[in-house]
Amino acid sequence: MADNRPIGIFDSGLGGLTVVKELIKQLPNEQILYFGDTKRVPYGTKSRETISLFAHQDAAFLLSMDVKMIVAACGTVSSVVEDLPQVLPVPYMGVVENAARAAVAATRNGRIGVLGTEATIASGAHKRAILSILPSATVFTRACSLFVPLVEAGWYRPEDPGVMRIARTYLDDLCKEGLDTLILGCTHYPLLSQVIEGIMGRQVTLINMGTSTAAAVAKRLKVTDSLCDGTKPGKQSLFVSDLTDSFCRTASVLLGQDAQSISVKQVEIDRL
Ligand code: DGL
């Protein structure tokens with residue numbers, strides 16, 4: 001039976017829209033309800049307790065909107081918060097397992113790198129997920145703390161000031177490890193793909209969590225017969241905890257849509 005309720009997606013801010021973009025490509029008829037916690041971003045530098053509290057509040061908001069599934073489109077939440085799937089009354093999906101599976105499918109030499117926020121890398125979640133699928137893999141990890149503020153500031157192209165220098169500081173050592181696959185373990189990092197590819201070289205496959213997660217969501221909804229019936233055109237409704245002009249501008253770049261066509265509403269997330 002079809003399920004016409006929206007898919008709920010949340011992230012600490014606007015980075016999760018990279019996952020929404022992939023979902024629109026793969027499931028154009030679905031209704032998507034996105035929450036970005038723009039008031040409390042970044043999560044990646046906060047304690048496990050705080051990240052967990054925020055993630056539960058974000059999920060509670062989506063549940064209050066009657067979603068059929070919840071996707072944590074946030075590398076940090078997916079890595080750190082372990083109890084969400086157990087407490088939610090709807091299916092839940094994070095981004096770590098999907099990225100790990102895509103990396104294992106892509107690697108030829110078993111040498112896989114992971115980039116993420118401090119909290120993501122400290123959790124060891126990607127390494128565990130990769131080794132559980134491919135125990136012989138060698139996993140290299142690197143926390144790239146300045147990547148999120150750079151992207152938030154709109155500096156993510158190779159020609160933007162200081163970007164290549166900062167990226168080299170994080171990536172130069174990894175270049176020497178002979179890895180052939182690199183997980184972009186944070187929602188913001190796909191925007192830095194050109195920069196990262198420029199340093200790592202074309203022979204390294206970059207894994208975008210959005211692509212692998214969107215494919216996993218599509219598969220899940222298909223096998224559980226929960227896709228929408230397609231009688232209404234797909235639509236995205238965006239909610240944030242702090243609404244700024246720059247959110248709408250960046251959202252339109254990330255989604256590849258005209259800023260005027262994007263509707264965004266503000267919610268009081270910390271009262272939930
Ligand atoms: N969304 C976060 C992630 O994917 C990045 C931004 C943050 O630190 O909150 O890890």
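Numbers here are sequence positions counted from 1. Order of appearance sets the numbers: ligands from 1, and atoms from 1 within every ligand.
Residues Leu174 and Tyr189 share a single hydrophobic cluster, defined by chaining ILVMFWY side chains whose heavy atoms lie under 4.5 Å apart.
Here the heavy atom of the protein found nearest to atom 8 (O) of ligand 1 is Gly44 N, 2.8 Å. Ranking protein heavy atoms by distance to atom 1 (N) of ligand 1, first place goes to Asp11 OD1, 2.7 Å. In terms of protein heavy-atom proximity, atom 5 (C) of ligand 1 is closest to Cys186 SG, 3.4 Å. Among all protein heavy atoms, the one lying closest to atom 4 (O) of ligand 1 is Gly75 N, 2.8 Å.
Side chain to side chain, Glu118 and Ser145 meet the donor-acceptor criterion of an N or O pair below 3.5 Å.
Counting heavy atoms closer than 4.0 Å to ligand 1, residue Thr187 contributes atoms from both its backbone and its side chain.
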For this session: Starting from the C-alpha separation in whole Å, work towards a yes-or-no answer on ring pair (Phe, Tyr, Trp, His ring centres under 6.0 Å) for Phe147 and Tyr170.
Result: CA-CA 10 Å; Phe147 279 2; Tyr170 290 126; 5.2 Å; yes

Problem set entry | Stepwise side chain to side chain contact (heavy atoms under 4.5 Å, CB included) check, Thr224 with Lys68 | CA-CA 11 Å; Thr224 55; Lys68 62 181 166 189; over 6 Å; no

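Taking the side chain as every heavy atom from C-beta outward, Ile7 and Leu27 approach each other to under 4.5 Å. Using a 4.5 Å heavy-atom threshold, the side chains of Glu197 and Leu206 count as touching. Residues Asp11 and Ile9 are not in side-chain contact: their nearest non-hydrogen atoms beyond the backbone lie 4.5 Å or more apart.
Polar contact check, His188 against ligand 1: no nitrogen or oxygen pair lies under 3.5 Å apart. Close N/O approach between Ser12 and ligand 1 is found [any backbone or side-chain N/O within under 3.5 Å].
Listed by number with element, the atoms of ligand 1 under 4.0 Å from a non-hydrogen atom of Thr76 are 2 (C), 3 (C), 4 (O), 10 (O). Residue contact check: Thr117 has heavy atoms under 4.0 Å from atoms 8 (O), 10 (O) of ligand 1. Near Val148, with a cut-off below 4.0 Å to any heavy atom, the atoms of ligand 1 are 5 (C), 6 (C).
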